[in-house]
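Report on the structure given below.
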Protein chains: 2
Amino acid sequence: MTDERELLVLGLLMAQSQHGYQINEFIEKNLGQVSDMKKATAYSILKRLNQGGFVEVSVEQEGNRPQRQIYTITPSGERRFLELLRASIATADNVTPAGNIGFMFIDHLNGQEAVKLLEEKMQKVDHFLGMLSLVPQHGHGTGVDLSIKHRIALLQCEKDWLARTIQELRTRKT
Amino acid sequence: MTDERELLVLGLLMAQSQHGYQINEFIEKNLGQVSDMKKATAYSILKRLNQGGFVEVSVEQEGNRPQRQIYTITPSGERRFLELLRASIATADNVTPAGNIGFMFIDHLNGQEAVKLLEEKMQKVDHFLGMLSLVPQHGHGTGVDLSIKHRIALLQCEKDWLARTIQELRTRKT
DNA sequence: GTCGAAATAATCATACGTGACTATACACGT
DNA sequence: ACGTGTATAGTCACGTATGATTATTTCGAC
């Protein structure tokens with residue numbers, strides 16, 4: 001998890017030098033669908049990256065506004081970025097996709113309630129699918145699009161599985 | 001994340017009162033495919049649950065062995081369990097399935113390497129799929145089986161997506 | 001001109017998760 | 001009887017992530 005967050009921050013700095021607020025704004029506004037990293041976390045990651053020599057800090061003053069720390073990726077940081085990127089793409093640690101533990105104990109609920117809750121979940125998945133398909137394409141085959149398509153594919157799969165499972169539970173109850 | 005872990009521990013205590021070591025052993029040996037929670041984490045969760053009045057502790061001494069803390073779920077704990085269970089089944093917070101951030105930046109690699117890394121990932125997914133299909137069935141339609149089937153479905157979907165994407169990248173490169 | 005809301009830019013206290021470590025008891029070979 | 005590996009049962013120090021908070025500036029409404 002940590003590595004993915006560092007990768008995200010380094011990736012944004014690969015595009016251009018930025019200050020903390022800018023990074024957070026970008027994540028909030030454009031990547032809300034992709035990362036749930038919080039402001040304070042981004043700042044602490046920037047600090048860590050700086051201590052590791054992966055980014056450099058310079059201070060900027062604009063008008064009367066408070067000082068800002070501008071972060072710039074270093075050559076060492078670019079190497080680190082590629083390292084993390086390769087690891088991220090090539091690995092599949094994939095333990096427990098969130099929400100899976102609950103299924104283990106579903107027998108503690110009666111069939112009717114289980115079905116109702118699964119339907120609720122399916123609706124939420126569907127709603128989320130809707131949000132994602134509204135995200136505009138960035139261009140042909142950019143990584144960002146790939147990433148979005150990946151999420152859509154997984155969510156669609158989740159939705160299908162829920163539909164099948166609900167059917168099964170309904171049948172069994174009879 | 002925290003909630004899912006609490007749910008897991010409470011769920012195990014719903015089946016029977018247990019001491020910490022027993023819980024950890026069970027998770028390690030039987031749920032390695034389902035949860036990556038570590039020993040120390042389980043102990044700290046038990047402590048928290050105890051402080052919240054969701055489990056009670058009693059001390060047991062068996063022969064000359066060191067004392068053991070036996071944890072028993074309380075009525076309040078059972079309510080909490082159901083609460084967490086319902087929430088877990090009905091929600092779909094699903095932000096960033098691990099490994100997705102990497103795709104965003106895949107353009108920083110050349111096509112050939114990207115394909116190679118995706119193939120590596122696919123192999124790992126496939127290997128993991130193999131492991132999961134070896135897990136013995138617990139019985140007909142128990143939650144545990146449902147949970148495993150869910151993971152298999154998602155992994156299969158991931159594998160298919162990777163295969164499609166690799167094809168696409170190959171085509172594009174030409 | 002002034003008052004409150006929103007934007008800007010961050011820090012801090014706190015809780016959570018985990019690798020490393022501690023410590024005892026038993027089994028087994030030699 | 002002695003070492004030594006493994007099972008038992010847990011604690012602790014440390015790093016990470018985040019909600020809450022701080023502090024200043026700009027802007028629009030009145």
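Below, chains carry the letters A, B, ... as their sequence lines are ordered, and counting in each starts from 1.
- Counting any heavy atom pair closer than 4.0 Å across all strands shown, A:S44 reaches no nucleic acid atom.
- Between B:R68 atom CZ and C:dA23 atom C1' the separation is 16 Å, expressed in whole Å.
- Distances shown here put every side-chain N or O of B:R48 at or beyond 4.0 Å from the OP1 or OP2 atom of C:dA15.
- Put simply, CE on B:M37 is 15 Å from P on D:dG10, counting in whole angstrom units.
- For the pair A:E28 CD and C:dT8 P, the interatomic distance rounds to 11 Å; values are reported in whole Å.
- An OP1 or OP2 oxygen of C:dA9 is reached within less than 4.0 angstrom by no side-chain nitrogen or oxygen of A:Q69.
- Atoms CG (A:L46) and P (C:dA10) sit 9 Å apart, rounded to a whole Å.
- Looking at A:E113 and B:R86, a side-chain N of the basic residue comes within less than 4.0 Å of a carboxylate O on the acidic one, giving a salt bridge.
- Using a 4.0 Å cut-off, some side-chain N or O of B:Y21 falls inside it from OP1 or OP2 of D:dT8.
- Note: CZ (B:R5) to P (C:dC16) measures 12 Å, nearest angstrom.
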Chi angles and distances behind the side-chain contact (heavy atoms from CB on, under 4.5 Å) call for A:L155, A:F128: CA-CA 8 Å; A:L155 281 172; A:F128 200 39; 3.5 Å; yes
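- Distance, B:L49 CG to C:dC16 P: 11 Å, rounded to whole Å.
- For B:R170 and B:E119, the salt-bridge test passes: some basic side-chain N is under 4.0 Å from an acidic carboxylate O.
- Heavy-atom distances to DNA chain D give each of A:I45 and A:K39 a nearest nucleotide, and the one nearer the 5′ end belongs to A:I45.
- The nucleotide whose nearest atom lies closest to any side-chain atom of A:A40 is, among C:dA9, D:dA9, D:dT18, D:dT18.
- One interatomic measurement links the two molecules: NZ of A:K47 to C1' of D:dG15, which rounds to 12 Å at whole-angstrom precision.
- As a whole-Å value, the separation of A:K38 NZ from C:dC16 P is 16 Å.
- B:T2 comes within contact range of the sugar-phosphate backbone alone, with a heavy-atom separation under 4.0 Å but no base atom that close.
- For A:F105 and B:F81, the ring centers are positioned less than 6.0 Å apart.
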Full working for side chain to side chain donor-acceptor pair (under 3.5 Å) between A:D160 and A:Q156: CA-CA 6 Å; A:D160 294 347; A:Q156 186 62 51; 3.2 Å; yes
